[in-house]
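To start, the structure under review is shown below, and the notes come after it.
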Amino acid sequence: MDDGRLAHLGRTLVSHRLSTASSWRRSLTASARILTVMHDQKRESGPDGPLAGESGATMSAGMKRFRAHLRELYHGQSAHAVRFRFAVIVVDLALIAFFIATPTIRATAFFLTVDYLVALLLAVDLAARCLAWGSFRSWIRRPIVWVDFFVLLTLLAPQWLFSLAFLRVLRLWTLFHSDFFWQTFGRRFNNTRIEEAARAAATLLTFIFIVTGFVYTSFAGMGVGVDSYLAALYFTVATLTTTGFGDIVLPGDWGMIISIVTMITGITLFVRLAQAIFRPHKVRFDCPRCGLARHEPDAVHCKACGLLLNIPNAES
């Protein structure tokens with residue numbers, strides 16, 4: 001065999017081996033790609049197979065629709081949403097009445113049953129408000145939410161925290177200081193003198209009922225004249241207005257401290273209520289430059305920095 005034929009045979013053999021190696025490399029590459037795709041599909045599907053991923057996606061979409069529905073009910077302006085919030089406010093007022101009457105009905109047979117039902121209702125309402133809010137972090141930072149959680153805690157443990165049950169009436173303060181109330185029940189009076197007066201009156205009433213509950217819980221049956229909830233309320237109002245008839249006097253240093261705090265705080269809240277009623281009303285509008293929040297209703301410029309304001313009126 002001559003040299004030319006040997007060279008041609010060698011080139012053919014090398015080419016065949018190279019093509020075989022290339023085919024193997026292509027086969028291995030394709031197999032690796034298939035295994036990668038299968039692994040990704042298995043990881044997305046979860047341990048229960050491909051239907052588990054579809055179920056999770058469906059559940060997530062259902063939760064989003066549920067949260068959107070709650071957001072519409074709690075923050076929307078449709079007639080259906082407004083009626084829903086009206087119903088929630090009526091229930092809130094009934095709960096507040098129960099909280100005020102709690103010291104007088106604690107000994108009844110149905111108290112614990114009603115107490116736990118109210119706790120369940122309040123827990124559902126808090127969970128719904130949380131889901132309706134955009135961000136959990138911003139929702140949980142609101143002081144009103146913490147007050148409601150404290151009220152819920154006293155409802156869940158009435159036997160251990162009954163001495164603090166008089167603080168449940170703080171729900172009255174949270175209701176009247178919430179945008180939920182004024183965007184629903186008081187839409188006509190939102191950002192008006194009536195809103196300021198109502199908030200101040202709610203704060204004063206909340207303080208009166210808190211002091212009344214504390215006095216009744218702490219001094220009832222001690223022979224100082226606080227023999228009923230009405231007597232405790234009478235003492236609170238007489239002390240708060242500095243009338244001081246003297247027919248009911250709390251004993252000891254703690255009694256004097258309670259009377260002093262009641263008088264000072266009561267006078268302050270009365271003055272706040274009078275200011276809200278009689279002083280010239282100012283609208284709330286944050287100045288973009290200096291941040292001044294209250295301005296005259298017809299203000300054109302900010303009186304602090306002189307910036308031109310664009311305060312919307314009731315018609316805009």
Side-chain angles (χ1 to χ4, degrees), residues 91-119 122 144 147-177 197-274:
V91 173
D92 266 336
L93 293 175
L95 295 184
I96 292 169
F98 169 74
F99 296 154
I100 293 174
T102 293
T104 63
I105 63 175
R106 182 193 179 191
T108 58
F110 61 86
F111 171 74
L112 284 180
T113 302
V114 176
D115 189 271
Y116 287 128
L117 288 176
V118 171
L122 183 58
I144 290 177
V147 172
D148 287 337
F149 270 115
F150 175 77
V151 173
L152 178 61
L153 183 62
T154 63
L155 289 167
L156 292 174
Q159 300 294 340
W160 296 276
L161 299 177
F162 183 77
S163 59
L164 300 177
F166 62 90
L167 294 175
R168 294 176 180 178
V169 77
L170 283 170
R171 182 76 175 180
L172 174 65
W173 181 85
T174 62
L175 176 63
F176 277 85
H177 284 75
R199 287 175 182 253
T203 303
L204 179 60
L205 285 175
T206 302
F207 176 75
I208 290 175
F209 285 119
I210 286 177
V211 174
T212 300
F214 176 76
V215 170
Y216 180 76
T217 303
S218 303
F219 297 97
M222 295 182 60
V224 296
V226 185
D227 299 323
S228 64
Y229 187 82
L230 182 60
L233 178 61
Y234 165 79
F235 165 81
T236 302
V237 175
T239 305
L240 184 143
T241 56
T242 67
T243 303
F245 292 111
D247 50 348
I248 299 178
V249 179
L250 300 184
D253 294 338
W254 275 112
M256 289 187 287
I257 292 174
I258 293 170
S259 300
I260 292 172
V261 172
T262 302
M263 286 186 284
I264 294 176
T265 307
I267 292 173
T268 303
L269 294 178
F270 262 124
V271 171
R272 176 69 185 89
L273 177 60

Nearest-0.5 Å distance that lies between atom [atom1] in [X] and atom [atom2] in [Y]:
| X | Y | atom1 | atom2 | result |
| --- | --- | --- | --- | --- |
| Thr212 | Leu233 | OG1 | CG | 4.5 Å |
| Leu122 | Phe149 | CG | CZ | 9.0 Å |
| Ile264 | Leu269 | CD1 | CG | 12.0 Å |
| Ile248 | Phe235 | CD1 | CZ | 7.5 Å |
| Leu117 | Leu112 | CG | CG | 11.0 Å |
| Ile210 | Thr262 | CD1 | OG1 | 11.0 Å |

Quiz item: Are Val147 and His177 side-chain neighbours, meaning at least one heavy-atom pair lies under 4.5 Å?
Solution: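 The answer is no; the side chains never approach within 4.5 Å.
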Exercise. Decide yes or no for Ile258 and Phe219: does some side-chain heavy atom of the first lie under 4.5 Å from some side-chain heavy atom of the second?
Key: yes
Nearest heavy atoms of [X] and [Y], plus distance in Å:
| X | Y | answer |
| --- | --- | --- |
| Phe99 | Val169 | CB-N, 4.3 Å |
| Ala197 | Leu273 | O-CD1, 3.5 Å |
| Met263 | Thr239 | CG-O, 2.9 Å |
| Thr243 | Thr241 | OG1-OG1, 2.9 Å |
| Val215 | Ala232 | CG1-CB, 4.2 Å |
| Leu240 | Ile208 | CD1-CG1, 3.8 Å |

Donor-acceptor pairs are to be reported for all side-chain atoms of residues 222-231 against protein atoms at under 3.5 Å, with residues two or more places apart or in another chain.
residue : atom : partner : partner atom : Å
Ser228  : OG   : Ala231  : N            : 3.2

Exercise. Give the C-alpha distance, both sets of side-chain angles, the deciding distance and a yes or no for side-chain contact (heavy atoms from CB on, under 4.5 Å) between Arg168 and Thr102.
Key: CA-CA 9 Å; Arg168 294 176 180 178; Thr102 293; 3.8 Å; yes
Practice problem: Please lay out, stage by stage, how Phe214 and Thr236 fare under the test side-chain contact (heavy atoms from CB on, under 4.5 Å). | Solution: CA-CA 10 Å; Phe214 176 76; Thr236 302; over 6 Å; no
Self-check item: Set of salt bridge (Lys or Arg N to Asp or Glu O under 4.0 Å) partners for Asp92, sequence neighbours left out
Solution: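 If we apply the salt bridge (Lys or Arg N to Asp or Glu O under 4.0 Å) test to Asp92, skipping adjacent residues, the hits are Arg129, Arg171.
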Quiz prompt | Contacts of Phe176 that satisfy ring-ring contact (aromatic ring centres under 6.0 Å, His included) - sequence neighbours left out | solution = Phe181
